[in-house]
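These notes are about the structure you will find just below.
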Amino acid sequence: MTGRIFTSDHRVYDLPELLSWEVVHTGTVPCDSYSVAFLYDRSMAEALRLAAGFAAIHQGKTVLRAIVDEYSVELGAGGLTAAITGRGYAARLLDNESRPLTYQEATLAEIVRQHVTPYGITAGEVADVRASSVYTVPAGVSQWRALESFCRTYGGFSPRFSRDGKLLAAPERDGGRRLSIGQEDPVLSCVLREDHYGVLTEVLVIDKTRNASYSVKNEDMIRRGGQCRRVVYTPGQSTWDAMRYTGEYQIRRSGEDERTVTVCLAGSFLAFPGDRVSLRLDRMGLSGVFRVAEAVNACSPERGATAALTLKGG
């Protein structure tokens, strides 16, 4: 992998050969992130001081566009080295707070125009979604929260970012790459984890303005002995569909991390969030088709190139 930085005065600077690197893809929040290390000389000082953007390039293709959060220069046993770290473009929306707003029958295109475009983010996809009621952005929330809440409530999906930094404000298509991992593949490690903590059994949605409530239950977790209820208050004038969806969404989100598989293989950028993995490891009793939720690609002199995939579903 190679690294490239973009300065605030619109210059492009290719970094020297990387000594080590790590790129984390989530596609959403928590943000994509990266860290790279390389040999330093003082001619780089101005470019690093003005570094605002970063691109990770693998086999001629951009695999991450991100912002620069921090750089450091160190003189130590390994000589004079520098390091850069940062986050994906979702950070631009997380770092900026929205003023309180109330929309009447807003469209997703309008939400993107007001809360996303001003921060230098290009939309690759925007679904045709319209609010069925008043949509309120409370004081003190981030631009990301203003966008995500609208997408969840009225579209039933969460927004995400492509590897080249474009916003994908549309339902995820089942069109990602497919990867098969079996007994004969070079699996360095595999961890199966089941965690019932925080998995909701009931969500009580309350609209205080209309004095109405709606209960949604997780019958599967109730049968397994779970007991975890949440009470959620919605903005005034919520429809029954919005209230039901809010409860179902909360339950679904609470169970997303219940069962995960993390498999580490030799290589780089083997899969990305949204891709599907057909996994069969008989020794662990694992088989099924899983969705890639996170991909951590790293390279160091000690371990070489590795790809750790966090899988969900299946």
To the nearest 0.5 Å, what is the distance between [atom1] ([X]) and [atom2] ([Y])?
| X | Y | atom1 | atom2 | value |
| --- | --- | --- | --- | --- |
| Glu294 | Thr28 | CD | OG1 | 11.5 Å |
| Tyr233 | Ser213 | OH | OG | 10.0 Å |
| Arg42 | Leu48 | CZ | CG | 15.0 Å |

Worked check of side chain to side chain donor-acceptor pair (under 3.5 Å) between Tyr154 and Arg130: CA-CA 7 Å; Tyr154 301 107; Arg130 180 181 295 273; over 6 Å; no
Work out which heavy atom in [X] is nearest to a heavy atom in [Y]; give both atom names and the distance.
| X | Y | result |
| --- | --- | --- |
| Leu93 | Tyr119 | CD2-CD1, 4.1 Å |
| Cys264 | Thr306 | SG-CB, 4.0 Å |
| Ala55 | Phe6 | CB-CE1, 3.7 Å |
| Leu281 | Cys190 | CD1-SG, 3.7 Å |
| Val187 | Gly182 | CG2-O, 4.4 Å |

Donor-acceptor pair, [X] side chain versus [Y] backbone, under 3.5 Å?
| X | Y | value |
| --- | --- | --- |
| Asp275 | Arg178 | no |
| Glu148 | Pro159 | no |
| Arg92 | Gly120 | yes |
| Arg160 | Ala170 | yes |

Side-chain contact test, heavy atoms from C-beta onward, threshold under 4.5 Å: evaluate it for [X] versus [Y] and give yes or no.
| X | Y | value |
| --- | --- | --- |
| Gln143 | Val116 | no |
| Val134 | Gln104 | yes |
| Tyr34 | Asp32 | no |
| Asp14 | Ile5 | no |
| Phe38 | Ile84 | yes |
| Pro138 | Pro100 | no |
| Met1 | Val23 | yes |
| Thr262 | Leu309 | no |

Centroid-centroid under 6.0 Å between Trp21 and Phe269 rings: yes
Full working for side chain to side chain donor-acceptor pair (under 3.5 Å) between Arg113 and Thr117: CA-CA 5 Å; Arg113 188 164 57 249; Thr117 306; over 6 Å; no
Inspect the surroundings of [atom1] in [X] and state if more than 12 heavy atoms from other residues, nucleotides or ligands are less than 6.0 Å away.
| X | atom1 | value |
| --- | --- | --- |
| Arg303 | CZ | no |
| Glu219 | CD | yes |
| Arg280 | CZ | no |
| Asp128 | CG | no |

From CA spacing to verdict: salt bridge (Lys or Arg N to Asp or Glu O under 4.0 Å), Arg145, Glu97: CA-CA 9 Å; Arg145 179 69 179 277; Glu97 189 174 294; over 6 Å; no
Check ion pair Arg87-Asp95 (N to O, under 4.0 angstrom): yes
Pi-cation contact, Phe272 with Arg163 (under 6.0 Å, within 45°): yes
For Arg99, all residues meeting side-chain contact (heavy atoms from CB on, under 4.5 Å), sequence neighbours excluded: Leu101
